[in-house]
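Heads up, the thing below is written out as structure tokens.
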Amino acid sequence: MVRSNEPTGSAAIIIDAAGRNMIAVAAGANLVAQSDGVEDELLRNASYVLMQMENDAVQIKNLIRRVSNHPAKSVLNLAPAYRLDRDLLSLVDIVIVNEDEAEALSGWLGCEPTARSLSESLDTGVLRTMGGEGAEAFIDGENVRVPALRVDAVDTTAAGVLASALDRGLSLDAAMRRAAKAAAIACSPPGSQSSIPCSDETDSWT
């Protein structure tokens with residue numbers, strides 16, 4: 001745990017009639033977080049390290065390099081979209097992007113915005129979420145696509161539990177299906193933190 005006296009960050013979340021979100025982030029204390037705040041012992045014992053781009057980009061780059069020297073697998077949610085060097089992204093085990101982030105990344109790399117094309121360009125795993133169309137991934141030569149579960153989407157903020165499912169030892173296909181189930185639960189009520197389902201809720205949801 002790292003404590004900071006900086007103001008807490010905040011996010012303004014705009015939801016359209018279809019439940020899709022656009023988020024404007026004032027990072028606050030997130031920008032104070034340092035890569036060396038994650039101790040080597042944690043990295044040695046971790047199975048997965050999850051990162052996103054709401055922290056300082058330099059610190060995220062440092063942490064990506066540090067994780068690559070340990071057995072832990074790294075998962076980077078490229079949100080908000082931020083241009084990182086191809087060689088750096090190739091050190092990440094799984095890069096997660098939504099449709100807009102995939103378009104931005106494909107523009108920087110000069111390839112198609114599909115999971116397979118991005119993966120082949122980066123030489124690493126890529127998972128692309130596609131809202132109501134589900135998600136696709138191309139990781140270690142495995143091409144997986146899962147459909148979204150049909151729900152009345154109210155708020156798509158805070159949908160996603162892929163890393164925790166992989167940490168439980170699930171296969172890529174099973175982890176993506178579990179994440180789709182959790183996303184369906186999270187998208188049904190309004191709110192972000194309050195809508196994230198607990199593990200047993202995801203287990204029992206049909």
Side-chain angles (χ1 to χ4, degrees), residues 1-4 6 9 11 23 25 27-98 100-102 104-106 108-109 111 115-129 135-144 158-176 178-179 182-183 196 199:
M1 179 181 294
V2 178
R3 297 186 182 276
S4 170
E6 295 296 319
I23 306 175
V25 177
N30 274 6
L31 292 183
V32 181
Q34 302 288 307
S35 168
D36 58 13
V38 182
E39 299 172 357
D40 283 334
E41 183 179 0
L42 289 175
L43 296 182
R44 284 193 295 269
N45 294 326
S47 53
Y48 284 87
V49 177
L50 178 62
M51 296 167 279
Q52 42 72 42
M53 297 307 301
E54 291 179 12
N55 299 106
D56 180 77
V58 172
Q59 299 304 319
I60 293 298
K61 293 175 184 179
N62 291 342
L63 188 54
I64 289 171
R65 293 187 184 98
R66 289 184 60 210
V67 177
S68 71
N69 293 319
H70 291 275
K73 292 186 178 296
S74 55
V75 179
L76 174 66
N77 193 322
L78 199 66
Y82 186 93
R83 186 167 187 168
L84 297 174
D85 291 340
R86 186 194 306 254
D87 290 345
L88 184 73
L89 286 173
S90 70
L91 297 177
V92 177
D93 291 288
I94 303 175
V95 178
I96 299 177
V97 289
N98 63 19
D100 292 337
E101 292 149 6
L105 184 56
S106 69
W108 299 330
L109 296 172
C111 66
R116 180 168 191 153
S117 182
L118 291 168
S119 173
E120 290 176 344
S121 182
L122 291 172
D123 192 28
T124 196
V126 173
L127 185 147
R128 178 173 72 131
T129 62
E136 62 170 5
F138 193 79
I139 300 172
D140 293 331
E142 183 179 5
N143 195 7
V144 177
V161 294
L162 180 81
S164 64
L166 291 171
D167 184 54
R168 293 176 62 169
L170 273 66
S171 68
L172 176 61
D173 181 80
M176 289 176 63
R178 181 175 179 81
I196 299 174
S199 179

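The structure presented is a predicted model; accordingly, all values stated were derived computationally and were not measured.
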For [Y], does its backbone N or O pair with a side-chain atom of [X] as donor and acceptor, under 3.5 Å?
| X | Y | value |
| --- | --- | --- |
| Arg86 | Ser121 | yes |
| Ser74 | Asp93 | yes |
| Ser90 | Asp87 | yes |
| Ser119 | Phe138 | yes |
| Asp140 | Glu142 | no |

For residues [X] and [Y], report the shortest heavy-atom separation together with the two atoms involved.
| X | Y | answer |
| --- | --- | --- |
| Arg128 | Ala102 | CD-CB, 3.5 Å |
| Val67 | Ala72 | CG1-O, 3.7 Å |
| Glu54 | Pro80 | CG-CD, 3.8 Å |
| Arg178 | Ala165 | CD-CB, 3.9 Å |
| Met176 | Ala137 | SD-CB, 3.6 Å |
| Leu118 | Cys111 | CD2-SG, 3.6 Å |

Legend entry - Contact check, side chains of Glu101 and Asn98, non-hydrogen atoms, under 4.5 Å: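 With C-beta onward as the side chain, the pair touches.
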Inset, instruction - For the residue pair Lys73 and Ile94, establish whether any side-chain heavy-atom pair is separated by less than 4.5 Å. - result: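 No. Closest side-chain heavy atoms not under 4.5 Å.
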Legend entry - Within 6.0 Å of CG in Asn69, more than 12 heavy atoms from elsewhere: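 Correct, the count exceeds 12.
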Inset, instruction - May I ask you to check whether over 12 heavy atoms, not counting those of Asn45, lie within 6.0 Å of atom CG? - result: yes
Inset, instruction - Step by step, work out the side chain to side chain contact (heavy atoms under 4.5 Å, CB included) result for Val92 and Leu122. - result: CA-CA 9 Å; Val92 177; Leu122 291 172; over 6 Å; no
Once rounded to the nearest 0.5 Å, what's the spacing between atom [atom1] of [X] and atom [atom2] of [Y]?
| X | Y | atom1 | atom2 | result |
| --- | --- | --- | --- | --- |
| Asp36 | Leu63 | CG | CG | 10.0 Å |
| Leu84 | Lys61 | CG | NZ | 6.0 Å |
| Gln34 | Gln59 | CD | CD | 4.0 Å |
| Ile96 | Leu78 | CD1 | CG | 10.5 Å |
| Met53 | Asn30 | CE | CG | 11.5 Å |
| Asn62 | Ser35 | CG | OG | 5.0 Å |

Legend entry - Pair Asp40 + Arg66: basic N to acidic O under 4.0 Å: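 So Asp40 pairs with Arg66 through a salt bridge.
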Inset, instruction - Tell me, with the steps shown, if Leu89 and Leu76 meet side chain to side chain contact (heavy atoms under 4.5 Å, CB included). - result: CA-CA 9 Å; Leu89 286 173; Leu76 174 66; 3.8 Å; yes
